[in-house]
Each structure stands twice: as C-alpha cells, then as structure tokens.
Number of protein chains: 2
Amino acid sequence: MMEKRRRGNDLDSAILDAAWLELSERGYAGLTMEAVAARAGTSRPVLSRRWDGRAALTVAALRHQMHKHPLTVKDRGDLRKELLELLDRAADRAAGVAVGLAFFANEYFQHTRSSPLELRAQLLLGEANVLTPILDRAVARGEIDAKKLVPEVTTLLTDLFRHHVLMTWTAPPPAMRKIWVDAIFLPLVRAR
Amino acid sequence: MMEKRRRGNDLDSAILDAAWLELSERGYAGLTMEAVAARAGTSRPVLSRRWDGRAALTVAALRHQMHKHPLTVKDRGDLRKELLELLDRAADRAAGVAVGLAFFANEYFQHTRSSPLELRAQLLLGEANVLTPILDRAVARGEIDAKKLVPEVTTLLTDLFRHHVLMTWTAPPPAMRKIWVDAIFLPLVRAR
DNA sequence: TTAATAAGATACATTTCCGCATCTTGACGC
DNA sequence: GCGTCAAGATGCGGAAATGTATCTTATTAA
C-alpha cells in the first residue's frame, strides 16, 4: 500500500488544524492526543515528539489559529466606523477566547498562580495593541475627549465583547455591537 | 479509640465546606473525591453515597456557598448608594463566579451544548433578581430615565463585575467599582 | 543509488481516579 | 439495653490517557 507522508511544516500545520477542530467540538477538557492524532491521520508518538503534552499542543494550536485572523484596523477617518470594524474582526477570534479561558480553567490555574489576564498577555505577546491607535487617532481628530479616557472606559468595549464570549460561548451579534458603540461607548467619550 | 461521628446535615455541611476549600485552592480541574474526603475527615464511599460524581458535588458546594452570601440590597433612597452596595455584596460571591465558570469549561460544555449563561441560570434558580428592583425604585424616584435602560445598559455593571472576576480570578477593588458607577453607569442613565 | 531521517503502527507499562463491595463500629431510636 | 442504620476504613477491578520503546517504511538529500 502506497502512502503519502507529510513532513515538517505541512505535518505541523495539519496536526494543529486537527487540534483546533477537536478543541472547537469537544472543548479543552475533552481534548485527547489520541483523538487529535486520529483526526490528523497520524499517531500519538508523532505528537509526543513535537509537543510536551496537550497543554503545549493547545497553546500551539491557539497561536496557529490566531495567526490566521490577524487583528488590524486601518484609519478610516471616523471613530465609529473603526470601532465597529474592530468588533467585527474580533468576532472571528471569539472561539479562541473561549478556548483560551477553558484552557486556563482546566490547567493553567493548577500549575501557576496566575490569572487568565496573564495567560492572555502570554498568548498575545508580539501582537500590537489595536485599540490604542484607534483611540489616539480619534483624539487627534478631536472626536473624543482625552480626559474621559480613564482605563475603565478605554477597555469598556473589548471587555464587553470578551464578557459576552465567555458567557455565551459565541460572538456577539452585530446589533449588540452597535448598541455598545452608539449607546454606551461613544456617549461616554464624545467631546462636546 | 473513641471517635465522634457526624451524621446527616452536619456531615453534609462539613463535606461541602471541604469541597469548597478544595475548589478554592486547586480549582475544579484539580478537585478529587479523595482529597475532599480526606479534608473532611471521612472517606470516599461516604461521598459516593451522597453525590453522583464530582460534578454534582461541585454544584452542591456552589449552592451551599451561595447560600452563605445572600445577595439583597435594601431601599436606601439613593441609587448610587444601592449600586455600590450591590457591587460590594457581589464581591463576596466572586470566588463562586470563578468556580462556576471553571466548572462549565471543564465539564458542562462536554455533556450539554449549553453556555455558562444557562449554567448560571440553573444555579440561581429561585434567587430573586436584585438589580431590577433597585433600578425600578430609581425610575420611580425620577433619578434615571427609563427610556435609557436598554438591556445592554441595564446589565452593564454586573457584566463588568463578572468580566473582571473571570479575567483576574479576584473581586474588583472598591475604587474600580466606584468608577464603574460614577463614570460609566450613572452618566448613561441619569435623567437630565 | 544509497544512506540518513522521520513518519506511522503497535504494544506495553504507568498513572490517576473512580465506583463498589465488604467489614467493623459508633450513634440514635425505641 | 438492644437493634437498626449509616459512618468510616480498606481493598479490588476497571476505565481513560499518557509516554515511550520498537520496528517498518516512505521521503529526501547527497
């Protein structure tokens, strides 16, 4: 029987995709090396040679997935447009947020004494903050009042987004995102 | 050797307290019947006779703990006072929120297709909503504008609270709670 | 063409935790 | 005081995963 064998990056990628599908369907708690190997069409030893257990595999799969949905928002000359676009892009990453928290709740908490906040910081290492430049541009345009941007207000939108994902395990619908922007965030920061 | 034996409710309560301490220290993922039994000074069969596995034990411990911190806020004639008191009381339940989510992420997701939102609804069955009467009183007093109470705004404070707990695994400090009330919630709903 | 490398299959030992069966003994009702 | 019931101790068997050793074979580079 002639078999095709994948190697190196091809194989890495195939395994990480398989791991991601498993994570999406079963959750981190239901993830097994066996199932990932089977879905990727390979066997456990191949995974063991690459990653040190399912925790490391999960982090790798998470990074791999995040890499597919880069989060950037270009200057559109209008704060509202940019915020809505940011939330729209973030929706693609909702599943990753959920998996990340499940991972933390399952494992990270046991071995470290840290919080999901720190896990998030680790996962996002190297990624640029997207919100800050958006708000900086809006301040420069005179759209919003810099004095109103206390930390709790600054992170309001992303916090609401994250909260919704954590509680429903799904991305917030567009209508909800519009209300967050128009009825909550903008009224709080608008220069007037 | 003379030994004292606890029975019925005394024993139940001792085991649930032990389970709660284990949950606080190790998290749900690190919870074992063995450890709970040991900490409660009893043995595994005693737990097995009462609860069907650690999932049921966790839910029971969660309910038991919630029962110790009832969440009620009396009429104080002032919305701001009542909101701050609500958040203050909620801080006692922060650990419960964290454990609840960890439990969901570990187990609930695998067996049901539901969300933490639904798990929360199950856990809070029978408990009265505390926020609603507070806001109703404030509307009656003319402190806030009922038209501004869209759902996303109504739940804003408790959502921010929950988000903070989920991300930091700790209760938000009083200063932060004050900013939420004074710089975010009240400006959005104040009748003017 | 050939030699080195790594993929893929299989099997084995280990670990961890659970439920249950069994047995003794203390607690409580009558 | 006595009988019933459940607490508490102990041990066994099983389920679920994991890591690793071993072996064959496809792939790739020289």
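Quick note: numbers below take in every heavy atom, side chains included, and nothing from hydrogens, waters or symmetry partners. A, B, ... follow the sequence lines: proteins, then strands. Residue 1 opens every chain.
The CD1-C1' distance, from A:Ile15 to C:dA7, rounds to 10 Å in whole Å. Rounding to whole angstrom units, CG of residue B:Asp12 and P of D:dG8 are separated by 11 Å. The CG-C1' distance, from A:Asp10 to D:dA26, rounds to 15 Å in whole Å. Taking atom CG of A:Leu31 as the reference point, atom P of D:dT18 lies 8 Å away to the nearest angstrom. Distance CG (B:Leu57) to P (C:dG19): 10 Å, rounded to an integer number of Å. A straight line from CD of A:Gln110 to C1' of C:dC17 spans 13 Å, rounded to a whole angstrom. Straight-line distance from the CG atom of B:Leu47 to the P atom of D:dA7: 11 Å, rounded to whole Å. What separates CD of B:Glu34 from C1' of C:dT15 is a distance of 15 Å, to the nearest Å.
Between B:Glu143 and B:Arg190 there is no salt bridge, since no side-chain N of the basic residue sits under 4.0 Å from a carboxylate O of the acidic one.
Proximity note for A:Met33 (side chain, C-beta onward) versus D:dG8, D:dT18, D:dT25: the nearest is D:dT18.
Judged by distance alone, with hydrogens and angles left aside, B:Arg5 brings a side-chain donor or acceptor within reach of the base of C:dT25, the pair sitting under 3.5 Å. The base of C:dG8 lies close enough to the side chain of A:Arg49 for a donor and an acceptor atom to sit less than 3.5 Å apart. The base of D:dT28 is not paired with the side chain of A:Arg7 by any donor and acceptor separated by under 3.5 Å.
Look at A:Arg44 and you won't find any side-chain N or O under 4.0 angstrom from OP1 or OP2 of D:dT20. Note on B:Thr42: a side-chain N or O is less than 4.0 Å away from OP1 or OP2 of D:dG8. A close approach under 4.0 Å does occur between a side-chain nitrogen or oxygen of A:Ser48 and OP1 or OP2 of D:dG19.
Defined by atom type and a distance below 3.5 Å, a donor-acceptor pair is present between the side-chain atoms of B:His163 and A:Arg162. With 3.5 Å as the limit, one finds a donor-acceptor pair spanning the side chains of A:Tyr28 and A:Glu107. No side-chain N or O of B:Ser13 forms a donor-acceptor pair with one of B:Asp10 less than 3.5 Å apart.
Toward the 5' end of DNA chain C, the nearer of the two residues B:Pro45 and B:Arg6, judged by each one's closest nucleotide, is B:Pro45.
Between A:Trp169 and B:Phe104, the distance from one ring center to the other falls under 6.0 angstrom.
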